[in-house]
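Each chain gets a letter, A, B and so on, in the order the sequences are listed, and its residues count up from 1.
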Amino acid sequence: MGLDPHHPLRRGHFGACIHTGSLKRPRISSPEKPPYQFILVKRKGPVYPVRVGNTGTHIKQSGARTRTMRFTRYLVPTLREDPSDAAVTSHRLMLRAGLIRKESAGMYLYLPLGFRALRKIIDIVREEMERAGALEFLMPELTSADLWRESGRWEAMGREMIRIKDRNGQEYALAPTHEEAFTAAVRSIVSSYRDLPLNAYQINTKFRDEIRPRYGVMRSKEFIMKDAYSFDMDEEGLERSYQAMRRAYRNIFSRCGIDTIPVEADTGSMGGSDSEEFMVASEVGEEVLLLCPDCAYKANQERAEYKRTEPKGGGPAEELRVVDTPNVKTIDELAAFFKCGAERFLKSLIYLADGKPVMAVVPGDREINEVKLKNALGALEVELAPDSVVEDVTGAPVGFAGPVTKKKIRAIFDPAISNAHNAITGANERDRHFAGVNPERDFQITEQADITSAVKGDACPRCGAAMNERKGIEVGHIFKLGYKYTKSMNLTVLDESGKAVHPIMGCYGIGVNRTMAAVIEQHNDEKGIVWPMTVAPFQAHLVAIAKTDEETAAVDEIYDMLSGAGIDVLYDDRRASAGVKFADADLIGMPIRVTVGKSYFKDGEIEVKLRSESEAKRVPKDEFLGHIRGLIEKEWGRYT
RNA sequence: CGGGGUGUAGCGCAGUCCGGUAGCGCACCUGGUUUGGGACCAGGGUGUCGUAGGUUCAAAUCCUAUCACCCCGACCA
């Protein structure tokens, strides 16, 4: 059906194009229609949470149209200026585009537009989890202290866990994670090996009393997390569950349109063996990653290994001698005093490992990696010892500690120390250092472990190439938990022989809000957000540039046509100038922009533009729907 | 918790040094003219100047205390 340019504005002009009954619906835009229509509808039934569309399809089969997707009925409080407290791109754009507002530090509310995007991400997560065979639960947020006491974490979690009491003095935690809750639930439900393997997950709020919330929803006190827990009979089963999650995570992030870098990670206080974090490379990332350019090695700095290349120094071994070093304490001061490089010094720091003093000895140009140190010592907590303890165990003020000592203190050495030659170190005496220090002769390497951080340029532990450093945002983390919870909380099932055995667990998390922020970090330009089709709040944004009631009615019909065809469309029907509308459309960033203005009223051509491209295309009305559908398919296909 | 900074209208800010009873831009409301990249005219202030004390004839401004928020650091399943 071709457009008759002489009568483009006649009502019913699109009749042949419009799906079921779209013309019979009342127009809420008519001045005599009160705006409360949609409010009544909303109050009738559950409106939260709402599934968008049919699972697995991205163009709805029938037009479940509502009249609330008009700007004049919707709520898109865009900000023309940058909020002063937003330091990073995603935070700034989320506020400006009217997706979120701050409730207080570390707590954000989602406005309708922002919640739609969040829901799109949640839907993708849910689909991929279900596809991987996981079962969705919903756990309480308020968890009793007894649950945490069983695993020993009521004490171990520290102040990060928010604790409250009810009127009877019963203690609870606002759950920061749900290992205990799921273990207890499975314990009471499952009793046979026939019920395993089981992967139980939920998409729910988590509470953590972050020391410093920052970067908007990137690090907040309250956030939505998808957390999953797998229970298997043995390690082979766990490996299968783990690999299934590994695949699911890759699918989830690629469908959300973000490039992630999977890296080897520390398993943290959870214990366990294999662990992989999904990182989004970003300047505002809070994690440091070491990436090998030549092989596949990628690791979080907390864990990254590196080859020690420092050669054993040349020349004959010098005599051990004492040097007066008045007030020379720091490595920089020492390097200046001795006129040599920082690597010549044996940096010796006193830590408290679960309260007991330990001397950690590393090359002077290296940073101690406290995560590695903690793991090497088998400690739950390590912290730098206070000055008083340092003086106590070394017999000297801070700055003069060294491994050459008769004092009895546990000492742990980085492997590079065994290559030290004629080194310089504190003499455990005020204002004195030893020079000509050599291992084995002057001190014994009693314990050796990798306790320093790899940095840019260090040799890859696999292939030896110089590694690169990047900052990353952690959006997902999977790891093998082992038996920690099933044993401490005594979860057992009967095996084939009727014997009670502890299942082995895995744990898999995705920060949903953080993923949304990461999407925006990767998809924006100077004008605003550029949503990937898969997570965009709406698929299309219809901009009306109409002057008369007739023209307005004609644009309304385009809206009817789109929404009637099952396309998620946000309709800017405001009486505002074109510039304002275009600027807002760019800011909130729906993937397809449809402009109906003079080119339509004059030539019957609808203007279609991708947010990610600068050129618009004029499409005749009879090709319009097909064109839009094609664009949606094409854009959707980019992220699957 | 340490260091730095900021709290004045929905947002961005000036006014604080030197006390005199609150202002600018945008947004918002009313009427009109406009309408293809953040229009214009006319009218409208929507504010316990973060909070509580104190000094003073008089406090956004000076003093004291306190709270909140932001940045850097320490910390972080």
Side-chain angles (χ1 to χ4, degrees), chain A residues 75 77-88 91-92 95-96 98 101-107 148 151 153 156-161 173 175-182 206-216 218-221 223 225 227 229 265-272 275 277 284 286-287 300 302 370-371 374 380-384 474 476-479 481 484-485 505 507-511 527-528 543-548 551-552 572 574-587 593 595-602 605-607 609 614 616 618:
Chain A
L75 199 55
T78 54
L79 305 175
R80 187 178 290 202
E81 290 170 279
D82 286 339
S84 62
D85 58 0
V88 304
H91 187 200
R92 188 172 58 80
L95 288 166
R96 279 196 58 201
R101 283 288 171 90
K102 184 167 73 180
E103 195 274 334
S104 59
M107 274 145 314
W148 298 93
S151 68
R153 287 209 292 183
M157 286 296 286
R159 291 195 295 171
E160 192 185 12
M161 188 156 79
T177 178
H178 280 86
E179 281 82 6
E180 284 83 354
F182 270 101
K206 296 280 181 280
F207 299 87
R208 291 184 192 174
D209 192 357
E210 294 288 346
I211 294 175
R212 182 146 93 87
R214 65 183 117 178
Y215 303 149
M218 205 83 88
R219 174 168 295 263
S220 52
K221 288 185 175 173
F223 57 98
M225 181 184 242
D227 51 325
Y229 307 88
D266 184 70
T267 49
S269 63
M270 308 299 311
S275 175
E277 284 169 337
V284 302
E286 299 181 80
E287 307 285 337
N300 192 316
E302 287 179 347
E370 293 188 3
V371 173
K374 188 171 76 175
L380 289 174
E381 291 275 339
V382 295
E383 54 179 343
L384 266 177
E474 178 189 352
H477 194 170
I478 60 177
F479 56 99
L481 270 182
K484 175 169 173 166
Y485 295 95
M505 285 177 71
C507 163
Y508 320 92
I510 290 180
K527 289 178 176 172
V543 176
I545 304 178
K547 299 177 181 62
T548 64
E551 288 176 347
T552 299
D572 191 345
R574 291 176 296 178
R575 295 173 59 83
S577 71
V580 170
K581 294 183 175 189
F582 289 143
D584 273 344
D586 288 338
L587 178 58
R593 191 185 77 191
T595 308
V596 178
K598 67 185 177 198
S599 64
Y600 177 65
F601 307 129
K602 191 156 155 280
E605 288 181 335
I606 299 165
E607 186 182 294
K609 180 185 155 315
S614 53
R618 289 184 173 191

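Straight-line distance between the C1' atoms of B/A9 and B/C28: roughly 10 Å, to the nearest whole Å. When the P atom is used for both B/G53 and B/U46, the distance is 25 Å, rounded to whole Å. Look at the C1' atom in both B/A42 and B/U56: the space between them is 43 Å, to the nearest Å. B/C1 and B/A27 have their P atoms separated by 42 Å, with the value rounded to a whole Å.
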Identify all pairs in which a protein N or O lies below 3.5 Å from an N or O of nucleotides 68-73 of chain B, and state each distance.
from, atom 1, to, atom 2, distance (Å)
B/C69, OP1, A/Ala105, N, 3.2
B/C69, O3', A/Lys102, NZ, 3.0
B/C72, OP1, A/Tyr215, OH, 3.3
B/C72, OP2, A/Arg212, NH1, 3.3
B/C72, OP2, A/Arg212, NH2, 2.7

Scan nucleotides 25-27 of chain B against the protein and return all N/O pairs shorter than 3.5 Å with their distances rounded to 0.1 Å.
from, atom 1, to, atom 2, distance (Å)
B/G25, N2, A/Glu81, OE1, 2.8

Distances under 3.5 Å between nitrogen or oxygen atoms of protein and nucleotides 44-50 of chain B:
none

Distances under 3.5 Å between nitrogen or oxygen atoms of protein and nucleotides 30-35 of chain B:
from, atom 1, to, atom 2, distance (Å)
B/U35, O2, A/Ala576, O, 3.4

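The pairing partner recorded for B/A60 is none, the criterion being a Watson-Crick or G-U wobble arrangement whose two distances lie under 3.5 angstrom. The nucleotide B/G36 finds no pairing partner, because no Watson-Crick or G-U wobble arrangement with both distances shorter than 3.5 Å includes it. Of all nucleotides present, only B/C67 satisfies the Watson-Crick or G-U wobble test against B/G7, with each distance under 3.5 Å. Nucleotide B/C75 forms no Watson-Crick or G-U wobble pair with any nucleotide shown, as no partner meets the under 3.5 Å limit on both distances. Pairing for B/G47 is absent, judged as Watson-Crick or G-U wobble with the two contacts each under 3.5 Å. Figure legend. B/U30 is base-paired to B/A42; pairs are counted as Watson-Crick or G-U wobble with both atom distances under 3.5 Å.
For A/Arg574 and B/G38, the CZ to C1' distance is 10 Å, given to the nearest whole Å. If you take CD of A/Glu160 and P of B/A74, they are 17 Å apart, rounded to a whole angstrom. As a whole-Å value, the separation of A/Asp82 CG from B/G38 C1' is 14 Å.
Without hydrogens or angle criteria, A/Ser104 side chain to A/Met107 main chain gives no donor-acceptor distance under 3.5 Å. The backbone N or O of A/Ala544 sits less than 3.5 Å from a side-chain atom of A/Lys581, completing a donor-acceptor pair.
Every ring-ring contact (aromatic ring centres under 6.0 Å, His included) that A/Phe182 has, sequence neighbours left out, goes to A/Phe137, A/Tyr229. With sequence neighbours excluded, no residue forms a ring-ring contact (aromatic ring centres under 6.0 Å, His included) with A/His178.
At a cut-off of 3.5 angstrom, counting only N and O atoms as typed in the model, there is a donor on one side and an acceptor on the other between the side-chain of A/Arg593 and the base of B/G37.
A donor and an acceptor atom, one from each side chain of A/Glu180 and A/Ser151, are located under 3.5 Å apart.
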